[in-house]
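Worksheet: one structure, shown below.
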Amino acid sequence: MAGISDVTDGENNVDSAQERKRVMEPNKERVVNGHGDTMDSDQAPSSPVMNGLSDESTSSSSSGDESPVKDKEEKTEKDAEDDTKKEEQEMVLIQDTGFNVKIVVPGMSERIELPVSSMELVQEIHQVLMDREDTCHRTCFSIQLDGTTLDNFAELKSIESLKEGSIIKVVEEPYTVREARIHVRHIRDLLKSIDPADAYNGVDCNSMSFLNVVTSGDILDKKRTKPESIDCTPPDFIMPNSKERPLLPLHPNIKELKGPQCIKVLTYSGWNPPPGNRKMHGDLLYLYVLTLEEKKYHITASTRGFYVNQSTEDEFNPRSAQQKYLSHSLIDLLSQISPAFKKNFNILLKKRANKHPFERMTTPYQVYSWMAPMPEHSVDYIRAEDAFSTRLGYEEHIPGQTRDWNEEIQTTRELPRKTLPERLIRERAIFKVHSDFVGAATRGATAVIDGNVMAINPGEEAKMQMFIWNNIFFSLGFDVRDHYKDFGGDAAAYTAPGNDLQGVRAYFSVDNEGLYTLGTVVVDYRGYRVTAQSIIPGILEREQEQSVVYGSIDFGKTVVTNDKYKELLKKTSSQLKIRPHNVLNEKSEAVELYSSLECKGIVGNDQRHYILDLLRTFPPDPNYLKFEDEELSKTMMEMGFPRQFRHKLACLRQELIETFVETRYVAFVRHAAYQFQQLQLQRQNKKAEDQTKEETKDEKSIEPKALMNGHSETCDSEDKDEDLETDEAKKIVEALTAGDGQTFEENSKDIVKKAAQAVGSLSDTEFSITFNPDVFQSHVKHAEPEGETFKKEKKLVKDAAEFLVLHQIPSLVNDCMDHTSSPIDGLTLTEAMHNKGINMRYLGKVADVMSKYSSVSYVYDIVIAELITRAAKHLFKSYMQGVDMMSLSSAVSHFLNCFLGSFPSPHAQITAEELQSKKARRKNNRKNKAVLVSIDNTEWVNDTPKTVWKKVVDEVQDYFQYTLDCDSIDSALERYNLQRVSLLRQFCLKVGIQILLKEYNLDAKNKQVFYEDDIINVFPIVKNVHPKATDAYHFFTSGQTKIQQGLLREGYELISEALNLLNNVYGPMHAEIAACLRLLARLNYIMGEYGEAMSYQQRAVLMSERVLGIDHPNTITEYAHLALYCFANSQVSIALRLMYRTRYLALLCHGDNHPEVALIDSNIGLILHAAEEYDLSLRFLENALQINSKFHGAKSLKVAMNYHLVARTHSCRGDFRAALQSEKEAFTIYKHMLGEEHDRTKESSECLKHLTQQAVVFQKKMNEIYKGEKSITFPPLQIQTPSIGSVLETLNVVNGIVFVQISPEDIERFKKQMALKSVEKDSEIELKEPEDKLSIKEIKEELPNGTLTNGSLETNTSEMSLPLD
């Protein structure tokens, strides 16, 4: 079914109870290639899941961000190997066979041919028919085969008589009230199916996509006419050095996105519900319609269909009207009574059919746009009904039922997971329930802050109120009852939910059977932080003291423990590097804990073991905790640590802990390995002893591996090969055992002991680095505070914090200097820091280090912008609290004016007197106070740019310990090379503001920039756990490994399989699927399949726009890739349009002072060169040269390449002198960097000779003309016009893509094999392709973004790795 099988995945048309039953019941779900149908069948090789999971696919995690101590995972890997045979048998069971069926629809003469797969449910044929242009107006029908009705939830393979060519009949069924309502809603959804309003309003998981607007239609459309002339002229704001940053092009041609209006009003009539006597005649409900012809109709929905009745607005007459139309579909009836409806509805369907399926599907999580056009608010009674009926999040129209979120979340975790099909069903169910929960929690949190939910403790002060809505518990981020009094009050209460979410994420990813965490979502909205959690059964009926069986509820006065919890947490503590430790309760009894003291264990009424309050899962950060009796190392104290911080909940990140342990482990292995070598040398130098001793020694040399807690052995062999640094070697030599008399066993134990001591291991007999999360906590009484072990534990935590500052921050800077990491905006900077385990509170420190290196000045600018916007976010949070709803838009616009405007005295469009009078009114009306407006915040009116910027600078100093050298927006822009539009974008995305889409004069000095009408909406900012597709991740990483080894065929198969599995777990839309599509596109391109590459990449761009946002950094990369593939397919003008869009989005994010812009400009320059627009081309290429010289140094190979391109363009213009000048520069660099014998240097030398000859010929002719000696005729100058092929080669070099030399026969064989693979059922028949045919042509070029270098597909992280989180 090319595509739409899952568009409405369990939405409006499926009875939710049944849908949920289907999600829960493993044997009812499609297994492999389930959602893969979003791919056209001819595009993706839907091979069955790899016959015989290769070792790589199971153990590939070791190549990811996995930490070394993974006993459990090692076991699972062994299990996986043991299960391989079983899985092979299973794979045969889930072979997906495809066939075609014919569908007969009443009222249609032609039969519909539909390709289906045996794994599909009958339900999905239903969905396809409801989505097809010619049958979309039907909702109430059954599907029959040979006269028997098929069960919606049956798999096609379970229907015996269904085969190739079977004829299926669509039979219209009688309506019920529920079916009639579904039909009306479906019609309304069709009428607004191409209206972007929902995407801008951020509802129902709709979002924007502009790819097909930029390319003027589908680039894969075969019917497209190629334009006669190629218009290459870029708009002015795209040109190098343009300072203009318009905002309207971000949302191009939005007026054309809307469809035609088909009907003025369609609503339920006031005559509902039908009276008893009419129910007996089959009346179900009444509708009122106002057509475009201004005619009013009252329509009856009856069991047999829809007809016009004789009622008017003031008289009820249910008899049918004179002309008797009875239509089973409302669309048919409306088409009969309104010709304009018929005409416009057909236009709308055509427009809808022209949209790519990816433009219409819903995304798993809501994506919000920070700009929107002025909303056209039209009459829509169904929308109104949705908003005001007590629908608790409108759960697929089940009246009176709410979802038991906790039960669903925990049940899906309990699904079996032994085999691949079981794991797919389990992960799909977990993801589906989770994304539904995030949506419901977000709706609930905004309703709570907007005052639409009644508190469960209404008598208390607003800040202390708690809420339950739709079976979700909501609490506010304030310090109620002085809970966090000793930890920093409200600042701690605001941070705690974020830390708690990190803890939930950690335990969620460990995925330990028997241990349960709550569904947790943290929502920031209108300055408030709301935590939404699923509810433990029975917790509301009893006191907390009775419930808690593990941990402490009063900060350590009473501490309890429980054997079952100890057993469960023992498993997780080794994986999370948590050290079991003893603490004392108030009776001074020692209690053993396997988590932090605050972590509570509660057994619910469902007998499940829950853990909550995981805010201190990871150790505290001593760099931000001041203690009288504790000192950090001298180096850290010189840097100004420990620093005073707002709260005492500062913790280290999980990524840091894992990197730190990994680093220490490598040091341990080196240390032990070196000493074993020494010991062996000593043994050899002694008099030759008998062979037996030698053998025992060999056995002993394996010992540390056995002692290493089940670490992977790969690191051992790798690291031995590395040269031991001299100072480390010296230490080892000093530490060497000298005693000859000792037996060998003692020696080996001694070696392990010394190695363990050298790396600070907590055990002398093995490598053991784990962290006690309760160190440096004044409220925790430790069992042995003066003991050696406790001192070691404290030292380890200090070491980890020191490692962050002295190792991870410099490592981040190095990554930026060698361009392996290249942040584009605040978001990518945050990701890069978090991947290194650096908390955002260290941003000031990062800025300090960055400021010292000019080659990363662009990153420094991004860091400063992030400091400023984060400080502004902190101010905005408290500024918004308690602002009256009536003055919300004026408050937001006033803050934006003070923060970003240069006008010194912006006027808040509301006066203090007005606020005062409201205040007086509210005093009389205290009883019905709205939630949270207990503080009347009127201070915001008095803010000015001067006061706001003073607060921003103070906040950066106070929170990040960084001194900003500016006192206003203007001095900040000038001093730090920032641009207003980027600050505006970042700030709106951070705090959830949506502004009107129009051009703002942001630099205006004489009037304010924003007015209250410019603020369209405020959105919630949502943080949640991201469930992973584990099997897909393993396939993806092992595919990447294969590609890096140059085995493209195997890599391609594994990545295709990963795509299948991702589609299975996430449904059709997800950011990780976009990354997978991008990699498949790149592989196809490398193998010369340009059309396939373009098709995959088009889907990657659409998905990235929909799931991440139209101006997200990943979307920019996707656009650039697609431009290259379009150019390879000779779509030159489209390639240019895509490149211009790429450049525009990049300028919006970071301005033109960035190495990415150089890459974009080289691409634009080359494509313009191919289009023979040499003057334009030159401007872009010269700009790229200038930027690359700045960031890569004047002598880099990138710069040489730029000189060469500029020379080529000059020579095409006939300016040989300038060409010579540039080529000489290139030649000098090549000669200096690569030597005279290198191919590159020789090529440049040839080029110089050619240019010199041309210049001489040209000059001679010019001289002759000046002297007037000869008649003026030019000889044909040898200026080669570039071919697309030659430009493409250069583009590949510039983009760092190395081509694989494969003969056409090999490619054909490869294609056949892929086809065979997908059909092949017998796992034993496997054609082997000779691997030696793949040779990689090396290009010694400094390569930019994620690309094949010397036969390996190296990717920078933002590019194409599926993060493990």
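Throughout, numbering of the chain's residues begins at 1 and tracks the sequence. These numbers were taken from a predicted model, which means no experiment stands behind them.
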* Kindly check if the number of other-residue, nucleotide or ligand heavy atoms within 6.0 Å of CD (Gln957) is above 12? => yes
So, [X] and [Y], do they make that salt bridge, N to O below 4.0 Å?
X	Y	answer
Asp479	Lys463	no
Asp198	Lys192	yes
Arg185	Asp189	no
Lys951	Glu955	no

* Checking side chain to side chain donor-acceptor pair (under 3.5 Å) for the pair Ser982/Gln979: CA distance, chi angles, key distance, verdict? -> CA-CA 6 Å; Ser982 302; Gln979 44 176 20; 2.7 Å; yes
Any side-chain heavy atom of [X] within less than 4.5 Å of one from [Y]?
X	Y	answer
Ile472	Ile468	no
Ile1021	Val991	no
Ile993	Phe987	yes
Phe1010	Phe895	no
Asn1024	Thr520	no
Met840	Val846	no
Asn253	Phe210	no
Lys258	Glu376	yes

* Test salt bridge (charged side-chain N to carboxylate O under 4.0 Å, His left out) applied to Arg985 - qualifying residues, sequence neighbours left out ->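 If we apply the salt bridge (charged side-chain N to carboxylate O under 4.0 Å, His left out) test to Arg985, skipping adjacent residues, the hits are Asp825, Asp1111.
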* Applying salt bridge (charged side-chain N to carboxylate O under 4.0 Å, His left out), name anything that partners Lys877, two or more places apart in sequence or on another chain. => none
* Aromatic Tyr624 / basic Arg841 pairing, under 6.0 angstrom, 45° off normal ->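 Pair Arg841/Tyr624 counts as cation-pi.
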[X] and [Y]: which non-hydrogen atoms are nearest, and at how many Å?
X	Y	result
Trp370	Cys988	CB-CB, 3.9 Å
Leu290	Ile263	O-CG1, 3.4 Å
Met464	Glu460	CE-OE1, 3.4 Å
Val953	Cys966	CG2-O, 3.3 Å

Just checking, is any N or O donor in the side chain of [X] or [Y] under 3.5 Å from an acceptor N or O on the other one?
X	Y	result
Thr446	Asp450	no
Gln881	Ser878	no
His251	Tyr200	yes

* Taking the six-membered ring for Trp, are Phe478 and Tyr528 parallel (under 30°), tilted (30 to 60°) or perpendicular (over 60°)? -> perpendicular
* Which of parallel (below 30°), tilted (30 to 60°) and perpendicular (above 60°) describes His647 and Phe645? -> perpendicular
* Asked: Would Tyr494 and His874 count as a close aromatic pair, with their ring centres under 6.0 Å?
  -> no
* Interatomic distance, Leu1002 atom CG to Arg245 atom CZ [nearest 0.5 angstrom] -> 11.5 Å
* So which pairs with a foot in residues 1001-1017 pass side chain to side chain donor-acceptor pair (under 3.5 Å), sequence neighbours left out? -> Arg980-Asp1003, Lys998-Asp1014
* Would you confirm whether Glu999, through its side chain, and Leu248, through its main-chain N or O, come within 3.5 Å as a donor-acceptor pair? => yes
* Asked: Run the side chain to side chain donor-acceptor pair (under 3.5 Å) check on Thr363 and Arg1106 step by step: do they pass?
  -> CA-CA 7 Å; Thr363 56; Arg1106 290 290 317 283; 4.8 Å; no
* Chi angles and distances behind the ring pair (Phe, Tyr, Trp, His ring centres under 6.0 Å) call for Tyr365, His1026 -> CA-CA 10 Å; Tyr365 304 111; His1026 295 281; 5.7 Å; yes
* Asked: With respect to Asp524, which candidate in Lys990, Lys873, Lys1023 satisfies the salt bridge (charged side-chain N to carboxylate O under 4.0 Å, His left out) definition?
  ->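 So, applying the salt bridge (charged side-chain N to carboxylate O under 4.0 Å, His left out) to Asp524 and each of Lys990, Lys873, Lys1023, only Lys1023 qualifies.
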